[in-house]
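Okay, structure first, notes after.
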Amino acid sequence: MERIEYNLIIIGGGPAGLSAAVAAFDAGERSILILERDSRLGGILNQCIHNGFGLHTFQEELTGPEYAQRYIDKVLEREIEYKLDTMVMSIGQGEDGSKEIMAVNETDGLLLLKAKAMILTMGCRERSRGALNIPGFRPAGIFSAGTAQRLVNIEGYLPGRRVVILGSGDIGLIMARRMTLEGAKVLVCAELMPYSGGLKRNIVQCLDDFGIPLKLSHTVVRIEGKERVEGVVIAKVGPDRKPIPGTEEHYDCDTLLLSVGLLPENELTIGLGAEISRITNGPVVNESLETSVPGVFAAGNVLHVHDLVDYVSEEAALAGESAAAYIKRCGDGMCAPDAAGREIPVAFSGGIRYTVPCTIDPGKVGSWLKIRFRVGDVMTNRRVVLYLDGEPVLTRKKRVMAPGEMEDLVLTQKHLEKHRELSSIEIKIEEDV
């Protein structure tokens with residue numbers, strides 16, 4: 001078994017991995033390897049043929065493959081190494097503090113790779129129907145929205161003609177439009193929660209524009225058919241998320257698409273021993289996007305599920321720059337924590353579910369640092385306030401906030417200048433009076 005060494009290894013060749021590689025290269029790192037399990041770079045963007053990508057990053061509207069190609073071209077221009085069709089089996093740490101990756105592919109066989117730093121960009125996966133406990137048989141015609149997207153956009157197959165969608169995540173909303181454009185009839189989109197899990201623009205462009213009803217606080221309670229889906233029954237749910245008897249509605253259909261959430265792909269991260277957030281299911285990271293394992297960074301949907309790929313690229317660029325800086329600082333040995341470092345937890349209240357990063361060392365913040373967060377419910381007429389040592393330093397008024405759309409605040413050096421001995425950071429959502 002061949003042992004190969006690099007300074008930086010990036011696991012995942014999707015938008016996060018590509019952006020991280022480019023940023024690390026531009027920060028001066030030259031010994032970089034990207035590992036991608038698919039047969040091409042670009043990740044999930046290769047099957048996202050709709051437009052709407054790149055407005056923040058490139059100030060123009062691109063399709064998913066076009067957006068991915070912009071970063072693939074950057075990787076090729078810099079001659080950054082990558083291996084396709086390569087599955088990472090495990091990651092760990094050597095006695096010298098190096099990162100060890102066990103991977104396999106058809107060309108090289110079993111690979112033992114060693115690196116000074118590593119960036120995790122494995123993305124996320126869809127929740128399955130099995131996690132929903134829907135009564136009924138297991139007939140053909142039940143697909144996750146992402147699988148249906150691949151079948152239509154990559155393989156050229158139409159999964160069905162009469163479709164019901166469970167869940168209103170962005171992929172499900174986009175597939176409602178896509179299936180309609182391909183000639184299928186999308187009957188309804190049912191959402192368990194009292195709010196949509198997708199972007200407002202997707203509700204308007206993918207449902208409203210095509211006359212597809214969105215039924216909030218509804219779920220599928222029965223699937224009919226043994227060989228193939230013949231129909232589904234949906235019902236309204238109460239505040240306890242349990243179906244209300246007498247509210248059942250039957251739909252004759254041959255296909256059920258599931259868009260019921262995404263889960264970060266963190267089996268490798270857990271195996272490494274990194275601390276995992278129980279809210280995001282992604283690793284806990286600091287201001288440099290470094291996990292609890294020194295020299296291991298994370299970005300993109302493996303860290304927390306994003307709504308825009310532009311934000312993934314921006315976040316991953318920080319991870320790439322941070323990894324390059326770590327390699328320069330640590331040299332050939334294990335990098336000990338900075339004795340002068342002060343990792344301050346980011347506290348939050350008022351309906352915020354989580355923040356990324358989870359901790360911040362003020363001494364390691366550059367000219368600015370974006371703190372991203374999501375709320376747990378739809379909120380109107382609020383203000384988001386950033387407090388440093390109990391003093392409000394930044395306030396943003398928000399007319400509407402929803403769980404489907406990520407929010408952020410930008411912490412700058414100007415904010416930190418007056419708080420040299422900073423001891424607390426907190427983000428609060430307050431009533432806008």
Side-chain angles (χ1 to χ4, degrees), residues 16 119-127 131 167 169-170 192-199 260-267 269-270 272 274-293 296-316 318-319 322 343-362 364-365 368-379 382-388 394 396 398 400-411 424-430:
I119 303 178
L120 308 176
T121 57
M122 293 90 74
C124 60
R125 66 176 183 270
E126 295 178 280
R127 291 181 187 271
D170 287 312
L192 177 69
M193 305 301 287
Y195 51 79
S196 171
L199 294 169
V260 292
L262 301 169
L263 291 171
E265 287 268 20
N266 273 301
E267 284 73 18
T269 315
I270 293 169
L272 179 64
E275 182 181 355
I276 300 294
S277 165
R278 61 184 181 84
I279 303 298
T280 64
N281 291 308
V284 172
V285 295
N286 62 19
E287 74 291 329
S288 301
L289 300 184
E290 186 176 23
T291 70
S292 60
V293 179
V296 178
F297 302 80
N301 283 348
V302 78
L303 179 55
H304 60 129
V305 176
H306 293 60
D307 42 22
L308 295 179
V309 72
D310 303 73
Y311 298 157
V312 167
S313 299
E314 180 182 77
E315 185 178 86
L318 172 59
S322 299
E343 288 293 341
I344 301 172
V346 180
F348 51 87
S349 60
I352 297 172
R353 295 188 66 238
Y354 70 87
T355 69
V356 172
C358 305
T359 64
I360 296 174
D361 183 342
K364 295 179 182 177
V365 175
W368 59 274
L369 174 67
K370 186 168 288 187
I371 306 173
R372 304 185 192 277
F373 63 93
R374 282 188 191 271
V375 296
D377 204 347
V378 176
M379 301 180 184
R382 298 291 202 276
R383 62 184 181 187
V384 183
V385 187
L386 174 63
Y387 289 89
L388 300 182
L394 177 63
R396 287 181 59 188
K398 299 291 293 185
V400 179
M401 289 187 290
E405 305 206 20
M406 193 181 300
E407 304 289 342
D408 63 66
L409 288 175
V410 178
L411 175 65
S424 70
I425 303 171
E426 184 173 8
I427 302 174
K428 293 183 180 180
I429 295 178
E430 302 171 349

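For clarity, every value in this text was computed on a predicted model and none was experimentally measured.
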Side chain to side chain contact (heavy atoms under 4.5 Å, CB included) partners for I279, two or more places apart: S277, R353, Y354

Partners of E315 by salt bridge (charged side-chain N to carboxylate O under 4.0 Å, His left out), sequence neighbours excluded? R372

Can you sort out the partners of T291 under side chain to side chain donor-acceptor pair (under 3.5 Å), two or more places apart, ordered by chain and number? none

Please round to the nearest 0.5 Å and tell me the distance separating atom OG of S288 and atom CD1 of I360. 10.5 Å

Working to the nearest 0.5 Å, report the span between CG of L386 and CG of L388. 5.0 Å

Suppose we screen for ring pair (Phe, Tyr, Trp, His ring centres under 6.0 Å). Which residues come up paired with F348, at least two apart in sequence or across chains? none

For E426, what residues pass the salt bridge (charged side-chain N to carboxylate O under 4.0 Å, His left out) criterion, not counting sequence neighbours? none

With a 4.5 Å limit on heavy-atom distance, are the side chains of E287 and L411 in contact? no

Restricting to side chain to side chain donor-acceptor pair (under 3.5 Å), what partner residues turn up for N281, sequence neighbours left out? none

Contacts of type side chain to side chain contact (heavy atoms under 4.5 Å, CB included), residue E265, not counting sequence neighbours: R37, M122, R125, E267

Rounded distance (nearest 0.5 Å) linking atom CG of L409 with atom CG of L394: 5.5 Å

Those residues at least two apart in sequence (or on a different chain) that pass side chain to side chain donor-acceptor pair (under 3.5 Å) with N286 are none

Contacts of type side chain to side chain donor-acceptor pair (under 3.5 Å), residue Y387, not counting sequence neighbours: E430

Check: L199 and L308 side chains under 4.5 Å, non-hydrogen atoms: yes

Salt bridge (charged side-chain N to carboxylate O under 4.0 Å, His left out) with D408: which residues, sequence neighbours excluded? R396

Is L303 close to T280 at the side-chain level, that is, under 4.5 Å between some pair of heavy atoms? no

Taking salt bridge (charged side-chain N to carboxylate O under 4.0 Å, His left out) as the test, write out the residues that go with E126, two or more places apart. none

Contacts of P362 that satisfy side chain to side chain contact (heavy atoms under 4.5 Å, CB included) - sequence neighbours left out: R342, I344, L416, L422

